Each structure stands twice: as C-alpha cells, then as structure tokens.
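See structure below.
Keep in mind that this is a model prediction, so the values were computed, not measured. So you know, we letter chains A, B, ... as the sequences are listed, proteins then strands, and number each from 1.
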2 protein chains.
Amino acid sequence: MNIDVGVRLRNIRTAFGISQRELARRAGVTNGLISLIEQNRVSPSVSSLKKVLDGVPMSLAEFFTLDLGAAPQAFFGTDELVELGNEQVSLRLVAAQRPGRQMSVLHERYAPGAATGEEMLAHRGEEAGVVIRGRIELTVSGATRVLGPGEAYYFASQLPHRFRNAGREACEIISACTPPTF
Amino acid sequence: MNIDVGVRLRNIRTAFGISQRELARRAGVTNGLISLIEQNRVSPSVSSLKKVLDGVPMSLAEFFTLDLGAAPQAFFGTDELVELGNEQVSLRLVAAQRPGRQMSVLHERYAPGAATGEEMLAHRGEEAGVVIRGRIELTVSGATRVLGPGEAYYFASQLPHRFRNAGREACEIISACTPPTF
DNA sequence: CCTTCTTGTCTAGTATATTAAACGATATGA
DNA sequence: TCATATCGTTTAATATACTAGACAAGAAGG
C-alpha cells in the first residue's frame, strides 16, 4: 500500500557506496534524518527528500520510477489481432496475449457518429496515435480539434479526453498507449 | 530551484475540474492543506502528497514526471511531425519535443528497396507497429516475414531485427516504441 | 435587497518532521 | 588494552506540516 521510501533510499545509498553521514553532508541534512527515513520512522517532506536526492544525485521522478519488464510471437496477421471493440468502435489489439508487454498498439476503426462514450475518459499513462483514414474529433482537457489522415496526437491519459467521429466516413487510427490499458 | 509542487498540483486539479474540497474529500485530507500546498506555503510530506494524488488518481512517479508550465501540445498536424529519416526511409515523429514522454510514435515510409541498413538492429526496449500501405519484409531473430496492410508486429528490441521494403510500392507503417528511442 | 451554496484563504492548536547531540557497536592501530 | 575512528541508531528540543474551523468573495435564486 505504502510507497517504501525508506527501503528505496537505502538501496540507492548503498548502491552508491556512501554512508548516511556522507549523504547527509552532501545533502545538507543531518545523518539522523537519513536514518529515520530509511527506517520509515518518518515520511520526509518533499523538500527534504529532494535535498537528500540532490546529494546522490537523483531526481524525484527517477526516485519514484524504479522498475522495468521476452521471445514470443513477433508477427501478427490481420486475423491474429484481437478484436476488442463493439460495432461502433472496433479495436484490433496487437500482441494481446503477450505477457509483461509495456505498450498496447491498436488498429482502431470508428464508424460515422461513433464515440468513446458520453463521458470523458481519464486513466493513467500516455497515449498517441496517427490518423490513417477519415477524420476524428479529439477533445483533450477541454480543447477540441479534428484530425485528418497523417495528423497525430500525443497526450497524458490522465487528462480528460474523448474521441468522436463527427464525419460521414469511417475513421481509422493506429494508436499506442503505455502502460498497456488493453 | 525548488520543484514547484504547488503549481503542479493546482494544474492537475484544475485539469480535472474539481475543487479543493472535492479533492480533499477523495484524498482524506483537509481542504486547507490542499490550499497551503498549492500556494507552496508548506512542503507536503511524501505520505500526504501520496494521499492527495490517490484522490486523482495519479502516482508519485507520474506527478514528478509531468512537465512543468503550460499543458503540452496534444494535437499535431502533418507539418508538425518532426522529419528524422533520409530519402529512402522517412520517419515522422509525433510529439518529438515533448519532455519526459514514455513512447515514440512514428509515421514511417520506406521507398521501394529501402531498408534500415545492412546490419541487424538491436537496442533496449520494445517496438510494435501496423502496416497501412504497401508491404514490408521484417526479420526478427532470424525469422523473416512479409507484412501487408493491416498486419502488425510486436517484439523486444534487443532481438536483432531489420526492416526492408522488397516490393515496388512505397510502404507506410505507424509504429511505436518504448522507451522513446527517437 | 436577502438568503444559501460554493469557491479559496487564513489562523490557532496539534501532530509530526527535523535537528543536535548522545549512545553502543565494530574496526584499526599503537 | 586503550585509544580513535566510523558506522547506524536513538532521544529531547525545535521547526514545520497538518487539522478544524472561521472568514470573505462570488454566484444563483427568491
């Protein structure tokens, strides 16, 4: 449940082969604080954690992103793409069953008038894509734009977003998102 | 020199269109604390910042990887894609200048006879794509296959791989890779 | 003009992060 | 054996994060 800041910091410090006192000296804090943080006896303020990491040095973003993730199937015929959508919005997923993959790549098809729903979507991760046929109306954080063939998008998926095919022609998009939502 | 936690939090909260009190309710903290944090009057402890972000929801890693300042560009016209390739292999990159992005999404175009080179490529990460026009000959770990429109690939980039357009028609692919190689 | 609701801000009191200094343990050398 | 380091831990005092509640400003409706 809790982010284990203490263990993380200890791992990093020992990986650099420096003592609590040495790190404290570089960071401009006391060695006692380092000790307490590493034991999870206190939850450091962002400002002091930043000071500590500056002594390594390491950014807060790097600190909180510690992890990563095979020779499975590499080629996929059209019939090997897994169909996920409905009649209005077709989603063909590449490498659906691949364990531990870091992205979802989709061939999307929006029928005329189709949309991702009435509500705005919002979830973790990032998504991007290129329109290859037709036109799509995309709204991100209140901003709306219609994209045509060759045009593209890239946004953080936390921002409220919605896709809608406002035209009369079907619209196709190749898209990718990470981490894999589908 | 300090990370502007307050402005970040305010940007995120307003992007979601919720009030300080609503966020506080979801996060299980007081609205006053949200106010103080957003004004940078206090530097929140990691534990309380995590509580607040859980209300969005957003991870600490995502929070600190968000780029500061204005909302990044979400829409890209064809002329806003950055051209990276040569005359044989054209690579149009989406969101090239976006700092901290987690993927590269490309519109690739292989002229007849064009290839990624004589040597096999091998690097970190994963890559995937969908062919939208023409045919491409893809070799991964010794296995070779020709993919046509609607067909796709997904493989770990450490595996030796090579793309070649063996046909007479230009071939277009929309591809994605993570982490961003381009 | 009134309410009544919502917004963000501020203040006094309390909980907790942080400091300064001490402690015990381990190691090295005279 | 006795120093003299350095290591991580602990404690009491202090600085600061956090809470509960009040405040002023704006909007909606009577």
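- In this structure, the NZ atom of B:K51 is 12 Å from the C1' atom of C:dT16, given to the nearest Å.
- Contact check, B:S35 against C:dG8: no side-chain N or O comes under 4.0 Å of OP1 or OP2.
- A 4.5 Å side-chain heavy-atom check between B:E172 and B:H107 finds at least one atom pair inside the cut-off.
- Backbone-only engagement by A:S45 is indicated by non-hydrogen atom pairs under 4.0 Å involving sugar-phosphate atoms exclusively.
- A:L53 and B:F63 fall within the same hydrophobic cluster, defined by Ile, Leu, Val, Met, Phe, Trp and Tyr side-chain heavy atoms under 4.5 Å apart, directly or through other members.
- A search for ring pair (Phe, Tyr, Trp, His ring centres under 6.0 Å) contacts involving A:Y110 returns nothing, not counting sequence neighbours.
- Protein atom CZ of B:R41 is 16 Å distant from nucleotide atom P of C:dG8, rounded to whole Å.
- Listed by chain and residue number, A:I18, A:S19, A:R25, A:R26 satisfy the side-chain contact (heavy atoms from CB on, under 4.5 Å) test with A:E22 (two or more places apart in sequence, or in another chain).
- Nearest-nucleotide positions on DNA chain C for B:S19 and B:Q39 put B:S19 closer to the 5' end.
- Atom CZ of B:R21 and atom C1' of C:dG8 are 7 Å apart (whole Å).
- Inter-residue side-chain proximity for B:P44 and B:V52 is flagged as unmet; no heavy-atom pair is nearer than 4.5 Å.
- Atom pair A:Q20:CD and C:dT19:C1' shows a separation of 15 Å (rounding to whole Å applied).
- Closest approach to the A:T30 side chain among C:dT18, C:dT9, C:dT19 is made by C:dT19 (side chain taken as heavy atoms from C-beta onward).
- Running 5' to 3' along DNA chain D, contacts with non-hydrogen atoms of chain B at under 4.0 Å begin and end at D:dA17 to D:dA22.
- Rounded to an integer number of Å, the gap from B:N31 CG to C:dC10 P is 13 Å.
- Among the atoms of the strands shown, none is found under 4.0 Å from any heavy atom of A:I37.
- If you chain together hydrophobic residues whose side chains sit under 4.5 Å apart, B:L147 and B:V89 fall into the same group.
- Between B:P44 and A:E22, the residue anchored nearer the 5' end of DNA chain D, judged by the nucleotide with its closest heavy atom, is A:E22.
- Minimum interatomic distance between B:P149 and B:G134 (heavy atoms only, all atoms of both residues): CD-O, 3.2 Å.
- Going from atom CD1 of A:I34 over to atom C1' of C:dT18 covers 11 Å, rounded to whole Å.
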